[in-house]
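Right, one structure below, let's go through it.
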Amino acid sequence: MNDNGPITLNDGQLRQMQLKELDALLYFKEFCDENGLLFYFCGGCCIGSLRTGGFVPWDDDIDVFMPRDDYEKLHALWKEKSKNPRFLCLRTDDTIFTGNIFTTIVDTSATCVKANQAHLDIPHGLSMDVFPIDGCPTGIRRKIQKLWALTYSLFLAQVVPENHGGVVALGSRILLGLFRGKKLREKIWRLAEKKMSKYRIKDCSLITELCTGPHYMQCEYPKEVFESAVYREFEGYQMPIPAGYDTYLKIAFGDYMELPPEEKRVPHHDVVYLDLNKSCYEYHKERRQKENSGK
């Protein structure tokens with residue numbers, strides 16, 4: 001653990017991390033193919049597949065979308081049918097608090113501790129993020145959906161959102177202060193999740209993303225963008241991206257083929273410890289031994 005804060009990865013270390021992340025992606029794809037689950041690249045991986053046929057050079061993780069119905073099936077199917085214990089499918093529930101408002105596929109053969117999760121007793125493996133996409137209503141129902149999504153995010157993550165304005169931060173602190181109990185917060189986020197995701201994709205003309213933060217929550221995509229997947233090369237493999245990728249990426253990112261300013265070409269996550277050759281279980285064992293020896 002780096003007590004001095006996040007570590008800076010050089011280009012070589014970041015590339016090694018990217019190539020290691022392919023292991024989880026390939027296993028995830030195989031699992032989804034075998035079980036009839038639809039997913040597609042989103043964000044940086046989608047852009048990278050089109051721009052260079054691989055990772056964006058400064059990207060530090062893999063992100064995918066799944067339609068809500070498939071997303072909900074994933075966790076249960078993984079428990080029942082996953083054949084490789086190296087890869088975990090983690091989502092906050094009665095048994096674990098991950099600190100994430102989405103699902104992660106975790107490669108336990110490596111250790112990657114992110115700053116916002118360093119205090120949590122979870123498998124700190126190398127993770128890829130799985131985000132649901134949902135039906136998007138219109139008018140007042142859409143405004144209510146976004147309020148439920150913000151409530152879900154706040155009470156599940158239990159962290160005051162940063163960089164979204166003082167009013168949002170103040171309101172979040174007040175709400176978390178009023179509702180302090182663990183069980184009560186869980187009841188609130190479970191209700192909020194149910195309310196925000198009740199709009200079925202098949203019944204809507206638009207699709208939105210509710211678990212990727214307040215900014216992207218504002219995006220509304222034509223349903224046909226995500227009706228199917230097309231395949232593009234990614235690091236030597238054929239990987240799915242949304243059939244309407246151009247529309248999706250332009251709405252979410254603007255001119256996605258243009259490189260961002262140099263100062264923004266940096267990894268998005270703060271990593272405080274990384275060892276691609278050490279199992280996260282071994283890391284936890286060493287950490288506990290160190291803590292016990294210090295008592």
Side-chain angles (χ1 to χ4, degrees), residues 7 9-66 70-71 73-75 77-91 96 98-100 102-114 117 120 122-131 229 231-241 267-286:
I7 59 177
L9 303 178
N10 60 41
D11 291 344
Q13 291 171 317
L14 184 56
R15 183 58 178 163
Q16 289 179 350
M17 183 178 179
Q18 291 174 342
L19 295 176
K20 178 79 169 180
E21 288 170 338
L22 288 175
D23 291 349
L25 172 64
L26 294 175
Y27 182 74
F28 178 78
K29 182 180 183 299
E30 178 184 1
F31 184 87
C32 289
D33 289 346
E34 289 178 352
N35 291 280
L37 301 177
L38 176 62
F39 81 95
Y40 0 64
F41 276 157
C42 61
C45 286
C46 188
I47 294 173
S49 69
L50 297 166
R51 192 188 284 162
T52 63
F55 281 99
V56 172
W58 54 89
D59 204 358
D60 59 358
D61 72 345
I62 293 173
D63 298 327
V64 302
F65 280 151
M66 295 189 85
D70 290 331
Y71 178 85
K73 293 175 185 175
L74 173 65
H75 198 251
L77 284 172
W78 199 278
K79 287 183 178 180
E80 178 186 349
K81 297 186 176 183
S82 177
K83 302 179 183 70
N84 192 336
R86 171 183 166 184
F87 301 104
L88 305 178
C89 179
L90 298 183
R91 181 179 177 184
I96 190 171
T98 69
N100 294 318
F102 46 83
T103 293
T104 53
I105 305 300
V106 178
D107 181 354
T108 63
S109 73
T111 302
C112 180
V113 184
K114 296 175 182 176
Q117 295 177 310
L120 298 177
I122 60 173
H124 289 288
L126 200 60
S127 62
M128 63 174 279
D129 299 338
V130 184
F131 303 103
Y231 285 78
R232 294 292 184 272
E233 183 172 341
F234 185 85
E235 300 294 345
Y237 301 93
Q238 291 294 309
M239 287 294 161
I241 64 174
H268 297 301
H269 299 96
D270 290 333
V271 174
V272 296
Y273 183 91
L274 179 68
D275 190 331
L276 299 178
N277 299 308
K278 177 185 290 185
S279 162
C280 64
Y281 299 125
E282 183 182 352
Y283 163 80
H284 278 285
K285 181 179 178 181
E286 293 177 356

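Quantities reported herein were computed from a predicted structural model and do not represent experimental measurements.
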Whether over 12 other heavy atoms sit under 6.0 Å from K285 NZ: no
Reported CG-to-CD distance for the pair N35 and E30, which is rounded to 0.5 angstrom: 10.0 Å
Heavy-atom check, side chain of F28 versus side chain of L74, under 4.5 Å: yes
Salt-bridge criterion met for K81 and E34 (N-O under 4.0 Å): no
Within the 6.0 Å centroid threshold, strictly below: Y283 and Y273: yes
Beyond-backbone contact of C112 with M17, side-chain heavy atoms, under 4.5 angstrom: yes
Heavy-atom closest contact (Q13 atom, L9 atom, distance): OE1-CA, 3.4 Å
Distance-only donor-acceptor pairs under 3.5 Å for side chains of residues 39-49, two or more places apart:
unit_1: Y40; atom_1: OH; unit_2: F226; atom_2: O; d: 2.7
unit_1: S49; atom_1: OG; unit_2: C46; atom_2: O; d: 2.7

Reported CZ-to-OG1 distance for the pair R91 and T98, which is rounded to 0.5 angstrom: 10.0 Å
Closest contact, heavy atoms only, P57 versus Q18: O-NE2, 3.4 Å
Salt-bridge present (D11, R15; N to O < 4.0 Å): no
I241 side chain reached by F234 side chain, heavy atoms, under 4.5 Å: no
Flag side-chain contact, heavy atom, 4.5 Å: M128 against E21: no
Minimum-distance pair of heavy atoms, taken over all atoms of K29 and P240: CE-CD, 4.4 Å
Derivation and outcome, side chain to side chain contact (heavy atoms under 4.5 Å, CB included), residues Q238 and E233: CA-CA 5 Å; Q238 291 294 309; E233 183 172 341; 3.8 Å; yes
Donor-acceptor contact below 3.5 Å, side chain D275 vs main chain N277: yes
Between CG on residue D70 and CG on residue L77, distance to nearest 0.5 Å: 9.5 Å
Non-hydrogen side-chain atoms of F55 and I62 separated by less than 4.5 Å: yes
Shortest non-hydrogen separation from E235 to G54 and the atoms involved: OE2-CA, 3.4 Å
Derivation of the side chain to side chain contact (heavy atoms under 4.5 Å, CB included) call for E282 and T108: CA-CA 10 Å; E282 183 182 352; T108 63; over 6 Å; no
Value rounded to 0.5 Å, distance of OG in S127 from CG in L90: 9.0 Å
CD1 on I105 to SG on C32, rounded to 0.5 Å: 7.5 Å
Any I122 side-chain heavy atom under 4.5 Å of H124 side chain: yes
Minimum heavy-atom distance E286-K278, with the two atoms named: OE1-NZ, 2.8 Å
Within residues 56-65 or reaching into it, pairs that qualify as side chain to side chain donor-acceptor pair (under 3.5 Å) - sequence neighbours excluded: D60-H269
Heavy-atom pair of closest approach, residues D129 and T104: OD1-CG2, 3.4 Å
Atom pair NE2 (H75) and SG (C89), whose distance is rounded to the nearest 0.5 Å: 5.0 Å
Plane angle bin for W78 and Y27 - parallel if under 30°, tilted between 30 and 60°, otherwise perpendicular: perpendicular
